[in-house]
Amino acid sequence: MNMEQAQHDIVAVSNFARTVLQNLADQHDWSNLELLDGLAESRALVRGLPPKRLYLHPDDQITALAHEEATGEKLFQDPEYEWVLPLHLSEKWCLARFAAVFDSIPNNDPQPKRILLATIHNDSTIVYYLMHEGVVKPRQN
């Protein structure tokens, strides 16, 4: 890869991150959004607070279901800050690159590490997927 192509790729990745940040703010009502450059694999990550919790651990889900059954009311779950990795659908990723992203995330939260993959398509559609580090207990249906 030549220097010009490398510079182009860095600009593209930075643009992906800004696009995702704007999408989270405007379309999904996230707050306290930050764009953090160069934490992982020379990638920008987005960190922010969604309006409601995105993921409920299976053990917490069992407690919430028991509470709802006993009281008839849903148990409120405070939202948690999330890390978002913007990437383009055409990018090639491997487990080692994802592991490097997880390793770059500061571990000052008690929650297990997870990231929200923000996959950008050529038509500017963004699809979000949760990705956990390691093995995660399956949820109850």
Side-chain angles (χ1 to χ4, degrees), residues 1-69 71-141:
M1 178 183 306
N2 65 28
M3 186 62 111
E4 187 176 313
Q5 181 62 42
Q7 184 66 28
H8 177 268
D9 291 348
I10 290 169
V11 170
V13 167
S14 181
N15 287 339
F16 295 157
R18 281 194 291 281
T19 299
V20 166
L21 186 141
Q22 203 63 47
N23 179 263
L24 290 170
D26 295 343
Q27 301 298 317
H28 300 285
D29 296 326
W30 282 41
S31 59
N32 301 334
L33 287 160
E34 300 176 78
L35 183 61
L36 302 157
D37 281 322
L39 280 182
E41 289 277 308
S42 300
R43 299 297 294 228
L45 295 176
V46 175
R47 185 170 190 262
L49 188 63
K52 63 181 183 176
R53 187 174 290 199
L54 298 184
Y55 175 78
L56 187 60
H57 187 277
D59 294 340
D60 295 335
Q61 183 185 19
I62 291 169
T63 302
L65 289 171
H67 175 82
E68 186 175 350
E69 186 175 306
T71 66
E73 297 178 0
K74 288 190 177 239
L75 187 62
F76 177 75
Q77 301 286 333
D78 287 324
E80 300 173 322
Y81 275 89
E82 298 289 345
W83 291 94
V84 183
L85 172 62
L87 50 89
H88 191 270
L89 184 62
S90 66
E91 289 184 78
K92 304 290 186 223
W93 279 74
C94 63
L95 289 178
R97 283 186 78 188
F98 285 120
V101 171
F102 278 110
D103 289 344
S104 73
I105 295 173
N107 196 11
N108 32 353
D109 295 328
Q111 73 185 32
K113 287 186 183 178
R114 67 175 173 264
I115 57 175
L116 192 62
L117 296 178
T119 307
I120 303 171
H121 297 250
N122 287 336
D123 65 357
S124 298
T125 302
I126 303 174
V127 179
Y128 295 94
Y129 300 95
L130 274 174
M131 176 184 252
H132 292 265
E133 181 180 48
V135 177
V136 177
K137 184 177 176 180
R139 292 183 56 159
Q140 301 289 318
N141 286 331

All side-chain hydrogen bond (donor to acceptor under 3.5 Å, both in side chains) counterparts of D78, not counting sequence neighbours:
none

Set of side-chain hydrogen bond (donor to acceptor under 3.5 Å, both in side chains) partners for E68, sequence neighbours left out
none

[X] [atom1] to [Y] [atom2] distance, which is reported to the nearest 0.5 Å:
X: N15; Y: H88; atom1: CG; atom2: NE2; value: 11.5 Å
X: W30; Y: L54; atom1: CH2; atom2: CG; value: 5.0 Å
X: I105; Y: W83; atom1: CD1; atom2: CH2; value: 6.0 Å

Less than 4.5 Å apart, any side-chain heavy atom of [X] and any of [Y]?
X: D103; Y: E133; value: yes
X: T119; Y: L87; value: yes
X: L45; Y: V101; value: yes
X: E91; Y: W93; value: yes

Counting N and O atoms only, with roles assigned by atom type, does the side chain of K113 sit under 3.5 Å from a partner on the main chain of F102, one being a donor and the other an acceptor?
yes

Determine yes or no for a side-chain-to-main-chain donor-acceptor pair under 3.5 angstrom, with R18 supplying the side chain and L35 the backbone.
no

Step by step, would you call Q27 with N23 a side-chain hydrogen bond (donor to acceptor under 3.5 Å, both in side chains)?
CA-CA 5 Å; Q27 301 298 317; N23 179 263; 5.5 Å; no

Using the salt bridge (charged side-chain N to carboxylate O under 4.0 Å, His left out) definition, which of the options R114, K52, R53, R47 pairs with E82?
R114

List in chain and number order the residues that pass ring-ring contact (aromatic ring centres under 6.0 Å, His included) with H28, two or more places apart in sequence or in another chain; answer none if no residue qualifies.
Y128

So, for [X] and [Y], which heavy atoms are closest and what is the spacing to 0.1 Å?
X: H67; Y: E73; value: CD2-O, 3.3 Å
X: Y81; Y: L49; value: N-CD1, 3.7 Å
X: R43; Y: L85; value: CB-CD1, 4.4 Å
X: P79; Y: P51; value: CG-O, 3.9 Å
X: P86; Y: V46; value: CG-CG2, 4.3 Å

Heavy-atom count check: over 12 atoms from other residues, nucleotides or ligands less than 6.0 Å from L95 CG?
no

